[in-house]
Amino acid sequence: MSRKLRGIIGILVCLALAEGLAACGKESQKEEEVINASKADMVFENMSLQDKVEQLMFVSYRTWDESGVTQLNDEMIQMLQNHKYGGTLFFAENFVDAEQTVKLVSDFQKNTNLAGGVPLFVAVDQEGGSVSRIGFGTKGVGNMALAATDDVKSANIMASIYGEEMSLLGVNVDFAPVVDVNNNPNNPVIGVRSFSDDPELVSEFGTAYMEGLHEQNIVTTAKHFPGHGNVDTDSHTGFPLVNSSYEELKKCELIPFQKMIDEGVDMIMTAHIQYPNIESETYTSITTGEQVYLPATMSKTILTDILRNDMGFDGVIVSDALEMAAISDNFAMEDVLCMTINAGVNMLILPVVTDSASLNQTQETIDLAVKLVEEGKIDIDKVDDSVKRILSLKEEYGMLEDLDFELTQDATNAATNGVGSTENREVAWSIAEAALTVVKNDNNAFPLNLSQGDDVLVLFADSCANRIASVDMAKQVLSDNMAVPDGVNITAMANTKDNAEECVQAAKTAKHVILVHRMYSADNLNPDTEDGVSSAVFDRIINERHASGQQVILISCQLPYDAARFLDSDAIVLTYNSNVMKELLPQSGEGSAYMPNLPAAICACMGYGEASGKLPVDIPKLDDTYGFTDEILFSRSI
């Protein structure tokens with residue numbers, strides 16, 4: 001054999017060996033890839049297109065034939081067993097008590113498991129304060145009150161309590177915290193749900209809040225991107241428009257969101273708001289026929305270019321509820337599905353189920369989404385990307401493990417004993433006290449100088465009359481702690497459209513008067529409007545008591561901006577929140593939870609508890625028509 005032939009054979013042998021080694025290498029690489037594949041990847045590989053689209057959807061069974069859904073009926077069970085939804089959203093109507101709730105959550109998860117689906121995100125808007133869906137849990141004080149404590153630990157502690165109670169019930173996602181900057185005092189929907197009008201303060205408290213939820217293994221959600229604080233329209237009922245540019249948002253509204261992203265927030269919820277100086281594409285409203293701008297929820301510029309690319313968010317983008325008027329009054333559902341998903345939304349909160357017809361409509365909507373993907377109108381790459389993000393987040397929180405959702409008596413007992421516990425409510429009360437802010441106190445009018453047998457009138461404005469049982473709660477606390485002299489008589493009364501003279505006379509004869517006002521819109525400040533009827537009565541009472549040398553304390557129990565309206569009162573105390581209390585509710589044990597802000601303020605007026613809060617927002621001066629001016633009356637003190 002010639003040297004040349006031997007060389008050729010040698011080359012061929014080497015090539016064959018190389019191919020064999022390469023094949024072995026590829027096989028080993030495949031085996032290694034299988035070993036290293038995440039559970040999320042393996043689940044994804046086995047999903048059909050229908051499975052993927054359903055994973056993008058939050059379904060909500062809020063009511064059924066006008067009754068709250070507190071247990072699953074046969075139609076709901078069948079739907080859950082036939083489909084693999086990504087999540088469910090609970091509302092106040094779904095919560096009765098701990099025992100009922102843990103069973104309801106267990107039933108949702110078990111039936112989803114029977115469908116072969118991965119465990120659900122079970123979400124709730126448990127912001128604390130006025131937006132607290134778990135009625136028997138610890139309501140806490142709300143975000144603006146947390147900021148008023150001037151102590152970020154209060155946000156961490158309060159959120160940790162919410163997270164602990166949610167975990168005990170089986171809820172794993174909180175659509176909180178709100179990190180909107182409330183830089184518009186006319187805002188009708190955010191208000192005290194915001195920490196402050198200062199973006200740095202919102203960032204600081206929002207991050208502490210998020211960390212408190214994370215400590216309890218709760219998925220967190222920053223909302224409402226890119227900011228819902230500078231609006232004068234509620235997107236539940238209208239279609240807000242903000243003229244801010246991207247550069248302007250970067251100097252204010254986007255600061256807290258960037259901080260939350262940097263610190264590891266899991267989800268970000270979109271805002272149904274038009275930003276024409278950022279997203280200029282328009283759509284013909286299905287209701288009015290007018291041209292409207294695409295809201296942030298449907299804007300690729302806002303969600304992909306800004307949130308993903310510029311700000312670096314790598315988590316799950318979830319829409320706000322798609323049944324809100326801003327969306328449902330203006331956009332056809334087919335276009336909603338296409339534009340939200342193609343813009344970058346990963347999970348959609350579908351319209352709530354209220355009966356058999358809407359239950360079927362939910363599935364028709366999902367089937368429509370599948371059809372739109374098949375037709376190429378919804379980008380399949382967007383769907384795949386969304387599903388991978390959802391599954392990765394579920395894996396991160398241990399939701400892809402082999403979980404057993406059978407309800408045990410131990411779990412029921414733990415939830416019953418832990419949710420809304422006496423200990424948790426005492427913490428909330430102490431935070432409420434720390435948040436109380438005195439912005440005016442002439443001649444030491446606050447607290448009252450009570451003597452034995454004094455009569456104290458607590459008069460509620462018409463806008464907050466259904467909070468009158470807060471006085472009963474305060475009386476109970478004062479009695480339990482022997483905090484007032486014997487014989488002090490505290491009387492609660494509500495001003496209405498028909499009893500002005502009776503209220504004025506009662507205020508004349510009482511030794512002490514506390515006026516409680518609730519502002520939820522600027523109309524509450526104007527005596528010429530239907531919502532401001534009590535402001536004129538309060539003016540009369542203040543003037544007539546001063547004429548006789550007597551003093552008046554004014555409690556602002558919701559938006560703090562009404563402090564500018566009653567400057568003639570001798571002392572002004574801000575609580576930043578209150579809730580409906582039509583009858584006395586227990587401090588602990590059975591029954592609905594209460595919000596401590598207003599009862600704590602009434603107690604503080606009587607000398608029980610210190611009001612050490614600081615003002616977390618600027619309060620502007622009013623003009624002659626009771627509108628807000630650019631002049632600051634009370635400056636933020638944090």
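Note that the structure is a prediction, hence the values are computed from the model and not measured.
Note: T529 OG1 to D523 CG = 4.5 Å, rounded to the nearest 0.5 Å. Between atom OG of residue S160 and atom CE of residue M158 there is a gap of 9.5 Å, rounded to the nearest 0.5 Å.
Counted by atom type alone, H517 and N524 present zero donor-acceptor pairs between their side chains at under 3.5 Å. Using a 3.5 Å distance cut-off with no hydrogens or angles, the side chains of N187 and H228 do not pair a donor with an acceptor. Defined by atom type and a distance below 3.5 Å, a donor-acceptor pair is missing between the side-chain atoms of Q476 and D472. Side-chain contact, S463 with R518: no donor N or O sits under 3.5 Å from an acceptor N or O. No side-chain N or O of S556 forms a donor-acceptor pair with one of Y561 less than 3.5 Å apart. No hydrogens or angles considered: nothing links the side chains of D442 and Q551 as a donor-acceptor pair under 3.5 Å. Side chain to side chain, E253 and N183 meet the donor-acceptor criterion of an N or O pair below 3.5 Å. In this structure, a donor-acceptor pair under 3.5 Å is present between the side chains of D570 and H546. There is no side-chain donor-acceptor pair under 3.5 Å between Q100 and T70. S612 and E610 share no donor-acceptor pair across their side chains, judged by distance under 3.5 Å alone.
Here the closest heavy-atom approach between residue T149 and residue S154 is recorded as OG1-OG, 2.8 Å. Of all non-hydrogen atoms in G229 and D180, the two that sit nearest each other are N-CB, 3.9 Å. Heavy atoms only, all atoms of each residue included: Y209 and P177 are closest at CD2-CB, 3.5 Å. Nearest heavy atom pair, residue A494 against residue I468, reads N-CD1, 4.0 Å. Here the shortest heavy-atom pairing between V537 and C503 reads CG1-CB, 4.3 Å. Closest of all the heavy-atom pairs between G170 and V105 is O-CG1, 3.6 Å.
Side-chain N or O atoms of T207 include none that pairs as donor or acceptor with a backbone N or O of E204 at under 3.5 Å. At distances below 3.5 Å, at least one donor-acceptor pair connects side-chain atoms of T629 with backbone N or O atoms of K621. Checked by atom type and distance alone, the side chain of Q126 never pairs as donor or acceptor with a backbone atom of Y162 at under 3.5 Å. Side-chain N or O atoms of S167 include none that pairs as donor or acceptor with a backbone N or O of E164 at under 3.5 Å. The main-chain N or O of V69 is found under 3.5 Å from a side-chain atom of N94 such that the two form a donor-acceptor pair. Within the 3.5 Å criterion, the main-chain N or O of M267 finds no donor-acceptor partner in the side chain of T221. Under a 3.5 Å cut-off, the side chain of N424 and the backbone N or O of G420 do not form any donor-acceptor pair. A donor-acceptor contact shorter than 3.5 Å is absent between the side chain of S534 and the backbone of G532. At distances below 3.5 Å, at least one donor-acceptor pair connects side-chain atoms of N182 with backbone N or O atoms of G191. A donor-acceptor pair under 3.5 Å links the side-chain atoms of D623 to the main chain of T625, judged by distance alone.
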Exercise. Run the side-chain hydrogen bond (donor to acceptor under 3.5 Å, both in side chains) check on R425 and T138 step by step: do they pass?
Worked result: CA-CA 6 Å; R425 294 185 184 185; T138 304; 4.7 Å; no

Pair D410-T408, side-chain hydrogen bond (donor to acceptor under 3.5 Å, both in side chains): steps then yes or no:
CA-CA 5 Å; D410 285 345; T408 66; 5.3 Å; no

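A salt bridge is absent between D568 and K440; no separation between the charged side-chain nitrogens and carboxylate oxygens falls under 4.0 Å. Using a 4.0 Å cut-off between a side-chain N of Lys or Arg and a carboxylate O of Asp or Glu, R565 and D539 qualify as a salt bridge.
Listed by first and then second residue, the salt bridge (charged side-chain N to carboxylate O under 4.0 Å, His left out) pairs that reach into residues 148-161 are D150-K614, sequence neighbours excluded. A side-chain hydrogen bond (donor to acceptor under 3.5 Å, both in side chains) check over residues 188-199, counting only residues at least two apart or in different chains, returns the pairs E127-R193, D197-R636. For residues 497-508, the set of pairs meeting the side-chain hydrogen bond (donor to acceptor under 3.5 Å, both in side chains) definition, not counting sequence neighbours, comprises D462-K497, N495-N499, T496-N499, E501-R540, K508-E544.
The environment of CG in N449 is sparse: at most 12 heavy-atom neighbours from other residues, nucleotides or ligands sit within 6.0 Å.
When side chains are defined from C-beta on, D125 counts as touching K223, because their heavy atoms get closer than 4.5 Å. T412 is listed as a side-chain neighbour of L407, based on a closest heavy-atom distance under 4.5 Å. Put simply, the side chain of F121 does not reach to within 4.5 Å of the side chain of T88, judged on heavy atoms.
Figure legend: R62 and F91 shown as a cation-pi pair, the cationic atom lying under 6.0 angstrom from the six-membered ring centre and within 45 degrees of its axis.
In this view, E99 satisfies the salt bridge (charged side-chain N to carboxylate O under 4.0 Å, His left out) rule with no residue, not counting sequence neighbours. The salt bridge (charged side-chain N to carboxylate O under 4.0 Å, His left out) check on D455 picks up nothing, with sequence neighbours excluded. Judged as a salt bridge (charged side-chain N to carboxylate O under 4.0 Å, His left out), and not counting sequence neighbours, K475 has no contacts.
In summary, the aromatic rings of F195 and Y576 are positioned with their centroids too far apart to meet the 6.0 Å limit. Taking the six-membered ring for Trp, Y61 and F108 have ring centres closer than 6.0 Å.
Ring pair W429/Y594 is perpendicular by interplanar angle, where above 60° counts as perpendicular and below 30° as parallel.
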